[in-house]
Chemist: 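Quick one: structure below, then a few questions.
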Amino acid sequence: MRIVPSIENANRRKPGIIARRRKRDTVKYRVILYSLRSQTGRAYRMLQPQELVVARLLPTIRARLARELLHTYKMKQVDVARSMGITQAAVSHYNTQSRGVDQEMLRLFPEIKPYVHELSEQIAHGMTLSDQIASVNEFCSGLMLTARFCEYHKSMGDIDPHCTACFPSPPRP
């Protein structure tokens, strides 16, 4: 009968074995669809506008930004990942367009392309991560205050067409 050594014994012989086995901490964002039942039994989705930003808009911006830095500024994936504060694997997914490709967002919000072009130029010239965060946050907040985003939000959930939750007064076009 063979006895398998415990992890503690393995650590005594090979220090750092557990450290090598740890998986990288990653965060996945998914759109959470809350399901509420009306009196008729129909399910309604309570989808917040911020959920659309996290699930659709940010991945679109990141994917376009990563591809712009890779192709226009000839940066390596590792350098793009470091400058954007994401993993190299995420940059690879954005580059192969297996993640973050949302043509509908680009069609509805054509201002994404010039914004990404300007931001990529600033990143290539040394823009700090905190300045990037502030810039993307300001851009997303500005898009959320448009009628186009409001209509997109209404189309994604079961929301009253006359909803005034986000805009007590009419939004800008």
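Residue indices begin at 1 and follow the sequence shown.
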Chemist: Pair R56, M156 - check side chain to side chain contact (heavy atoms under 4.5 Å, CB included), show working.
Modeler: CA-CA 11 Å; R56 300 281 174 92; M156 295 301 289; 3.3 Å; yes
Chemist: Do K154 and C163 have side-chain heavy atoms sitting under 4.5 Å apart?
Modeler: yes
Chemist: Determine the minimum heavy-atom distance between I112 and L106, stating which atoms define it.
Modeler: CG2-CD2, 3.8 Å
Chemist: Applying side chain to side chain contact (heavy atoms under 4.5 Å, CB included) to K76 and Q88, what does each step give before you reach the verdict?
Modeler: CA-CA 9 Å; K76 295 180 180 177; Q88 181 273 327; over 6 Å; no
Chemist: Are the side chains of L52 and L57 in contact, using a 4.5 Å heavy-atom criterion?
Modeler: no
Chemist: For H71, enumerate each residue passing the side chain to side chain contact (heavy atoms under 4.5 Å, CB included) test, keeping only those at least two apart in sequence or located in another chain.
Modeler: R67, N95
Chemist: Return the minimal non-hydrogen interatomic distance between I61 and C140, and the atom names on each side.
Modeler: CD1-SG, 4.0 Å
Chemist: Return the CD1 to NE2 distance between I86 and H93, rounded to the nearest 0.5 Å.
Modeler: 11.0 Å
Chemist: Report the distance from atom OH of Y115 to atom CZ of F109, rounding to the nearest 0.5 Å.
Modeler: 15.0 Å
Chemist: Can you give me the closest heavy-atom contact between Q48 and H153, atom names plus distance?
Modeler: C-NE2, 3.8 Å
Chemist: At their closest point, which heavy atom of M127 faces which heavy atom of Q132, and how far apart are they?
Modeler: O-NE2, 3.5 Å
Chemist: Taking D79 first and then R82, would you say they form a salt bridge - that is, a charged N and a carboxylate O separated by under 4.0 Å?
Modeler: yes
Chemist: Taking the side chain as every heavy atom from C-beta outward, state whether R107 and Q103 have any atom pair closer than 4.5 Å.
Modeler: no
Chemist: Does any part of the side chain of L119, heavy atoms only, come nearer than 4.5 Å to the side chain of S135, both counted from C-beta?
Modeler: yes
Chemist: Looking only at non-hydrogen atoms, find the nearest pair between S83 and V80 and report the distance.
Modeler: OG-O, 3.0 Å
Chemist: Salt bridge or not for K113 and E68, using N-O below 4.0 Å?
Modeler: no
Chemist: With a 4.5 Å cut-off on side-chain heavy-atom distances among I, L, V, M, F, W and Y, is there a chain of contacts connecting L69 to V101?
Modeler: no
Chemist: Under 4.5 Å between any side-chain heavy atoms of Q50 and M144, yes or no?
Modeler: yes
Chemist: Supply the atom-to-atom distance L58 CG to N137 CG, rounded to the nearest 0.5 angstrom.
Modeler: 9.0 Å
Chemist: For Y152, run the side chain to side chain contact (heavy atoms under 4.5 Å, CB included) check against T146, L143, L108 and tell me which one passes.
Modeler: L108
Chemist: I need the minimum non-hydrogen distance between A66 and V91, along with the two atoms involved.
Modeler: CB-CG1, 4.5 Å
Chemist: With sequence neighbours excluded, tell me which residues meet salt bridge (Lys or Arg N to Asp or Glu O under 4.0 Å) with D131.
Modeler: none
Chemist: Does either side chain, that of R64 or that of Y94, offer a donor lying less than 3.5 Å from an acceptor on the other one?
Modeler: no
